[in-house]
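Worksheet: the structure to be examined is printed underneath.
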2 protein chains.
Amino acid sequence: MDRMPEDIPHPSLDEIRIERVLHALADPIRLHLVRELARLDTGVACGSIDLPITKSTRTHHLRTLREAGVVTIHPAGTSRITTLRRADLDTLYPGLLDGILNAPH
Amino acid sequence: MDRMPEDIPHPSLDEIRIERVLHALADPIRLHLVRELARLDTGVACGSIDLPITKSTRTHHLRTLREAGVVTIHPAGTSRITTLRRADLDTLYPGLLDGILNAPH
DNA sequence: TTCGTAGTTCGAGAACCTTCGTACTACGAT
DNA sequence: ATCGTAGTACGAAGGTTCTCGAACTACGAA
């Protein structure tokens, strides 16, 4: 795992596995988070996307996305900025993310 | 569900949901099956792709793929022909399948 | 008709996932 | 220094998934 300056671990490009990415995206809540991140097209405070779940569940889902390599998370004061790893995913799996984001929903 | 002549149910295009497709593809055994189906590029008897699992587990995985809309299965004598729904998936999610099939593994 | 082959169904166990509440840490503002 | 806010860690409950073996069905061949 790459250690970021802030000590939150993220998988490097060669550690990302397609099965984990697909599993991360297969959950409705996580897919919704990813769609919002893609739509806003900028890093965003985790809590700013509202969802019918508790704080701890949100943390769990964000961790799943981060560990799969779908997002980066880094601290910013008392908050955390979550960013879609769009370029990394496009490099590894060209077409995959767009195919998912453009899907009917 | 569309009823095929052979009475094995398959989801129609508008019944296919991205979450289920992603979940179906997130399992290593199912992903391997799909890759083999794509490589052979023709319908194939279920049993001809060898895997370190029992018959009933294979049935379970093929059912998961079929119900998600990833493959079609239809009887042929005492056997069953499984086919990747490549055109359907490309229509619904352009780029997704290629992105997955071209992924390193 | 009898047998073998291909696959399904069912039930059960283990492992895993999702969700939550509670307790905790860390930072910024007052 | 104290408080509030943002988020994490942990444990537990409930649900789902994966895997298997055993019993079953369906078709074709001998």
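Order of the sequence lines fixes the chain letters, A, B, ..., with proteins taken first and strands second; residue numbering starts at 1 for each chain.
Of the candidate nucleotides D/dT5, D/dC27, D/dT19, D/dT5 has the atom nearest to the side chain of A/T78. Taking every side-chain heavy atom of B/H23 into account, D/dT17 is the closest of C/dT18, D/dT17, C/dG7. Considering only side-chain atoms of A/H60, the nucleotide from D/dC27, D/dC10, C/dT18 that sits closest is C/dT18. Closest to the side chain of B/K55, out of C/dT5, C/dA26, C/dG7, is C/dG7. Checked against D/dC20, C/dG7, D/dT8, the side chain of A/T59 finds its nearest nucleotide in D/dT8. The side chain of B/R30 has D/dC18 as its nearest neighbour among D/dT19, D/dC18, C/dT5.
If you check every strand for non-hydrogen atoms under 4.0 Å, B/L62 touches nothing. Residue-level contact check: A/S79 touches the backbone only, with heavy atoms under 4.0 Å from sugar-phosphate atoms and none from bases. Across all strands, B/R58 comes closer than 4.0 Å to no nucleic acid atom at all (heavy-atom distances). Heavy atoms of A/H61 sit under 4.0 angstrom from primed sugar atoms or phosphate atoms, though from no base atom.
Counted within 6.0 Å of CG on B/D14, heavy atoms from surrounding residues, nucleotides or ligands total more than 12; the atom is thus considered enclosed.
The side-chain contact (heavy atoms from CB on, under 4.5 Å) with B/R85 is formed by just one residue from the set B/L92, B/V70, B/T72, B/L65; it is B/T72.
The CD1 atom of A/I53 sits 17 Å away from the P atom of C/dC17 (whole-angstrom rounding).
Remark: the backbone N or O of B/A76 is not paired with any side-chain donor or acceptor of B/S79 at under 3.5 angstrom. Judged purely by atom type and a 3.5 angstrom limit, A/R66 uses its side chain to pair as donor or acceptor with the backbone of A/P9.
You'll find a donor-acceptor pair under 3.5 Å spanning the side chain of B/S56 and the base of D/dG21, going by distance alone.
Summary of the strand contacts: A/I29 and A/R80 both lie near DNA chain C, and taking for each the nucleotide with the nearest heavy atom, the more 5' one is attributed to A/I29. Place A/T54 and A/G77 on DNA chain C by their nearest nucleotides, and A/T54 ends up nearer the 5' end.
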